[in-house]
Amino acid sequence: MKKTNEGIKCNYCGEVFGKVAIKRHLEKCKIREEKNQPGEEVYYWIQVQGYYQKEYCMYLDVSANASLKDLDQFLRDKWLECCGHLSMFKIDGEVYDSDPDPDAMFGSIKSMKVKLKDVLYEGLEFIHEYDFGSTTVLKLKVLSKRTGAKRKEKVVLMARNLPPAFACVECGRPATQLCSCCIYEDYAFYCDECGEEHECGEDMMLSVVNSPRMGVCGYCGEED
Ligand SMILES: [Zn+2]
Ligand SMILES: [Zn+2]
Ligand SMILES: [Zn+2]
Ligand SMILES: [Zn+2]
């Protein structure tokens, strides 16, 4: 029943590394270097991982001129979006909300329109929360700040954990789905066939996906 398929894949060269080695690798990956011409634009390297499920991680190269909104959208696209819940960043004691209430009694909630260069710095650790009911919490860290040529994409995914593999609890074959009801109590992963037999019914079944939001709310993975 143990989860397999550990490792983090470099999106430039396709090689797989552990969590410490991937950072060193990205620094010197030849293919990444070739794709990143020198220039004056500022970029941050940001590590994102599940706060409680650290095996899910991404390494991003983000323009300092991008906004928190851009980063929020990227995280939603890759890992989070199920039904348009609210989200927020917590950075240095400040809250940046995806939908700040203009009539809020407290003046402390800011919008995500702020640019990264105005709130991030090297070494900073911060938090992202999606959905204030069944919350998925992410931990982010600014690994480094660097310069390069201007480019179109605000966020580039440099590396990401391999999709975890789960074995079907009934037959041991690769699982494709999980029961969103039983998963809170048990290891409730199933292959297609055994999933059909599961007592909770197909409405409770969610796909196995590569995200810390797997099995939560109606999350069924990123759109292709
Ligand atoms: Zn590489
Ligand atoms: Zn939802
Ligand atoms: Zn099975
Ligand atoms: Zn069930």
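Each ligand, and each atom within it, is numbered from 1 in the order the structure gives. Being a predicted model, the structure only gives us computed values, none of them experimental. Sequential numbering from 1 along the given sequence is applied to the chain's residues.
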State plainly whether the residues D61 and R151 are in salt-bridge range, i.e. N to O under 4.0 Å.
yes
Once rounded to 10 degrees, what value does the angle at the Zn ion (ligand 2) take between SG (C82) and NE2 (H85)?
100°
Can a donor-acceptor pair be found between the side chains of E81 and Y130 at a distance below 3.5 Å?
yes
To the nearest 10°, what's the angle at the Zn ion (ligand 1) between atoms SG (C29) and SG (C13)?
120°
Between N210 (side chain only) and N161 (backbone N and O only), is there a donor and an acceptor less than 3.5 Å apart?
yes
Among the N/O/S atoms of H25, which is closest to the Zn ion (ligand 1)? Give the atom name.
NE2
Rounding to 10°, state the angle centred on the Zn ion (ligand 4) that links SG in C182 with SG in C179.
110°
Do K35 and E153 sit within salt-bridge range, that is, some charged N less than 4.0 Å from a carboxylate O?
no
Short side-chain to backbone donor-acceptor contact, S211 and R213, under 3.5 Å
yes
May I ask you to check whether C181 brings an N, O or S atom to under 2.8 Å from the Zn ion (ligand 4)?
no
